[in-house]
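Only this structure's heavy atoms are used, side chains among them; waters, hydrogens and symmetry mates stay out. We count residues from 1, following the sequence as given.
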Amino acid sequence: MSLLVVGLSHRSAPVSVLERAALSQDAQIKLLQDTVAAEPAAEAALLATCNRIELYADVDKFHAGVAELSTLLAQHSGVGLDELTPYLYVHYEDRAVHHLFSVACGLDSMVVGEGQVLGQIKDSLALAQDLHSAGRLLNDLFQQALRVGKRAHSETGIDRAGQSLVTFGLQQLAGGKVTGASVEAWAAGRKALVIGAGSMSSLAAATLARLGVAEIVVANRTPDRAERLAQIINENSENSQYEGSDGDEGGVPSVSARAVPMESVPFELTRADIAVSCTGATGLVLTAEIIAAAVEGRVPADEAGPAPRTTATGDVRGVLPPTSIGTDDGCPLDLSAVQNGQAGQAVQESAGFSVMGEAAVAGMDAATLEQHAAWVDNGTVGRRDPARRTPDDDRELIAALALTAATLGRIPEQRRPETPAGAARPPAVLSLLDLAMPRDVDAAAHRLAGVRLVDIESLAEASADVPMAADVDQVRRIVADEVAAFGAALRAAHITPTVVALRAMAADVVAGEIARLDGRLPGLDEKHRAEITQTVRRVVDKLLHAPTVRVKQLAAEPGGAGYADALRTLFDLDQETVDGVSRWADRADNDDDHAESRGRA
């Protein structure tokens with residue numbers, strides 16, 4: 001069996017595709033259940049966040065596994081396979097391990113170095129354990145990823161390279177590249193509305209309280225969760241006030257929090273200066289009409305401008321032709337050759353490569369895959385330069401617009417049109433941070449005067465310019481070391497059932513010979529019988545010690561998987577016995593891992 005991951009993220013797909021592919025909790029459960037029911041996969045886990053959807057599986061066939069996982073992602077996300085394929089990436093064996101460890105360390109995050117992804121990985125493991133879809137491989141992989149992520153944050157300064165998505169989003173609302181002190185000055189004394197009471201919303205509330213807002217209103221569809229979050233904020237504020245009151249003139253800013261039902265959101269929005277929304281809703285929570293009504297009277301009428309027109313669902317989408325990662329400048333893949341199916345057995349036998357774009361589900365030779373993996377590792381996906389458009393590009397866009405007009409009866413508005421020259425926007429009276437996927441806030445709010453909206457898409461654009469800290473190189477070295485260690489342990493563990501079966505066979509041989517001795521020497525006293533038994537066992541142990549220790553060392557090296565087969569052949573071990581040892585060990589490990597995970601939670 002081999003580790004395979006198929007997914008898409010903010011690095012490979014536009015936010016519009018990620019938004020449409022977002023999975024509800026029920027869809028995630030069904031996807032995992034269908035994955036382990038599929039023939040190529042023995043176990044599965046899903047990492048689904050606001051900017052990535054990744055399906056991990058232990059498969060016995062590479063091509064069949066890629067095809068099955070890609071199809072399942074398309075079916076459960078609701079995005080057609082043909083449309084989804086250009087944005088998929090595939091990592092296999094050591095490359096898959098390297099990818100998850102990098103994700104756990106925050107190296108693949110929209111904001112490099114953020115640590116919230118560790119909680120999301122932990123939740124993914126817990127879900128897979130609850131559904132019994134994670135076996136020994138994925139349990140070990142995800143638990144080791146959590147340890148690697150914690151090690152990176154404790155041993156390096158990766159935390160200085162980035163912040164949580166909440167902090168970064170608030171920075172963008174405050175004016176972009178500003179210092180922490182400037183964000184505090186911007187937030188101090190303001191009234192904030194937090195929509196949702198999940199982990200991201202709780203983080204937003206805590207961050208706003210730390211920045212010194214005067215009031216936090218929490219709205220959630222489940223009133224009890226909103227009440228609990230508001231209570232926690234108030235208690236923390238009281239404790240902070242108490243701890244900072246001994247002679248500190250500045251003290252700690254006091255914040256009051258209260259919970260309201262979701263029905264009160266339109267009214268509370270009229271009082272709010274800042275609103276952060278992160279819910280699991282499948283539709284818009286804040287439409288352009290609600291937002292326009294909230295700022296009415298707070299912006300001069302002659303500056304407000306007309307309200308934007310939206311679709312029936314309030315959604316405004318631009319026409320985004322799919323981009324192919326495989327056609328970026330410098331990509332070594334010849335997609336025309338790849339699509340012709342130049343695949344071979346070498347692909348299934350090679351390990352530790354990564355594929356992105358159309359090539360994810362196409363056959364190709366191992367050398368091309370390795371070359372492509374190196375290209376992917378040496379840089380991120382480049383953005384297309386509008387200045388390099390050609391007349392053919394314009395004709396394609398016009399044709400797409402004409403098709404859209406024929407289908408919808410109109411041309412969709414641009415998502416974020418440029419402000420006309422000389423028409424300066426008035427200062428924002430309402431700052432909106434949308435961290436949900438799919439989006440909670442109508443994208444048309446970008447057009448409203450007096451409103452500043454920062455969402456996942458604008459965060460992705462802004463994060464591309466964030467400088468990388470020197471500590472990132474140190475984290476990359478940690479990841480490389482941990483990947484090598486995990487691979488060695490995995491290969492060594494692969495031979496362990498064979499070694500156990502060999503020693504069990506030797507013990508059976510010793511027992512049989514002692515029984516035979518008892519038949520020939522029935523008068524042998526117990527003392528001499530015990531001495532003979534111990535002597536025979538010592539001889540067998542000494543004969544087996546050196547080869548079993550050495551075979552474990554050899555198996556831990558790259559390409560060492562074949563030693564288990566050699567050992568079974570040399571000693572004529574029954575494969576069913578070896579498989580029985582593996583199944584027993586897997587069940588024991590899974591029970592221990594599940595109990596340990598629940599204990600930590």
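- Side-chain contact between L229 and R225 is absent, with no heavy atoms from C-beta onward closer than 4.5 Å.
- Every pair passing side-chain hydrogen bond (donor to acceptor under 3.5 Å, both in side chains) that includes a residue from residues 265-280 is listed here, sequence neighbours excluded: E215-R271, R258-E268, E268-R271, S277-D440, T279-D440.
- A heavy-atom distance below 4.5 Å is not found between the side chains of V217 and K191.
- Under the 3.5 Å distance criterion, with hydrogens and angles disregarded, a donor-acceptor pair is assigned to the side chains of E54 and H99.
- Around atom CD of E296, no more than 12 heavy atoms belonging to other residues, nucleotides or ligands sit under 6.0 Å away.
- A259 and A230 get closest at one heavy-atom pair: N-CB, 4.0 Å.
- Between the side chains of R228 and Q231, not a single donor N or O lies within less than 3.5 Å of an accepting N or O.
- Summarising the geometry, atom CZ belonging to R476 is positioned 12.0 Å from atom OG1 belonging to T156; distances are rounded to the nearest 0.5 Å.
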Inset, instruction - Report the C-alpha separation of T71 and L81 in whole Å, then their side-chain angles, then the decisive distance to 0.1 Å, and conclude whether the side chain to side chain contact (heavy atoms under 4.5 Å, CB included) test is met. - result: CA-CA 6 Å; T71 301; L81 182 59; 4.0 Å; yes
Inset, instruction - Might you work through the side chain to side chain contact (heavy atoms under 4.5 Å, CB included) test for L448 and L453, ending with a clear yes or no? - result: CA-CA 9 Å; L448 294 173; L453 170 61; over 6 Å; no
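- In this structure, L55 CG and L32 CG are separated by 7.0 Å, a value rounded to the nearest 0.5 Å.
- Side-chain contact between L88 and S70: present, with at least one pair of heavy atoms (C-beta onward) separated by less than 4.5 Å.
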Legend entry - I195/L286 under side chain to side chain contact (heavy atoms under 4.5 Å, CB included): CA gap, chis, key distance, verdict: CA-CA 10 Å; I195 306 175; L286 297 179; 3.9 Å; yes
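- In this structure, Q172 contributes its side chain and L459 its backbone to no donor-acceptor pair below 3.5 Å.
- Using modelled atom types, one side-chain atom of R52 and one backbone atom of D108 make a donor-acceptor pair closer than 3.5 Å.
- Residues W186 and R190 share a closest heavy-atom pair of O-NE, 2.7 Å.
- Counting only heavy atoms from C-beta outward, the side chains of V295 and L269 never approach each other to under 4.5 Å.
- Side chain of S154 to backbone of R151: a donor-acceptor contact under 3.5 angstrom is found.
- For the pair S458 (side chain) and D455 (backbone), a donor-acceptor distance under 3.5 Å is present.
- A distance of 7.0 Å separates CZ of F142 from CD1 of I121, quoted to the nearest 0.5 Å.
- S133 places none of its side-chain heavy atoms less than 4.5 Å from the side chain of T35.
- Between the CG atom of L72 and the CG atom of D34 there is a distance of 6.0 Å, given to the nearest 0.5 Å.
- R221 approaches A281 most closely through the heavy-atom pair NH2-CB, 4.5 Å.
- Nearest heavy-atom pair, V479 versus C105, reported as atom, atom and distance to 0.1 Å: CG2-SG, 3.8 Å.
- Considering only heavy atoms from C-beta on, E43 stays 4.5 Å or farther from N139 through its side chain.
- The two residues V451 and A445 come nearest to each other via the heavy atoms CG1-O, 3.8 Å.
- Between Y56 and A96 the shortest heavy-atom distance is CE2-O, 4.5 Å.
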Inset, instruction - May I have the step-by-step check of side chain to side chain contact (heavy atoms under 4.5 Å, CB included) for H91 and H98, ending in yes or no? - result: CA-CA 9 Å; H91 301 299; H98 187 281; over 6 Å; no
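- In this structure, N220 contributes its side chain and A226 its backbone to no donor-acceptor pair below 3.5 Å.
- Under a 4.0 Å N-O distance rule, the pair D26/K30 does not qualify as a salt bridge.
- In this structure, L107 and I158 have side chains that are in contact, with non-hydrogen atoms separated by less than 4.5 Å.
- With values rounded to the nearest 0.5 angstrom, S201 atom OG is found 8.0 Å from L435 atom CG.
- The backbone N or O of A428 sits nowhere less than 3.5 Å from a side-chain atom of R452 that would complete a donor-acceptor pair.
- Counting only N and O atoms by type, the side chains of N51 and T49 include a donor and acceptor under 3.5 Å apart.
- The distance from atom OG of S77 to atom CG of L8, rounded to the nearest 0.5 Å, is 8.0 Å.
- Between I290 and D442 there is no side-chain heavy-atom pair separated by less than 4.5 Å.
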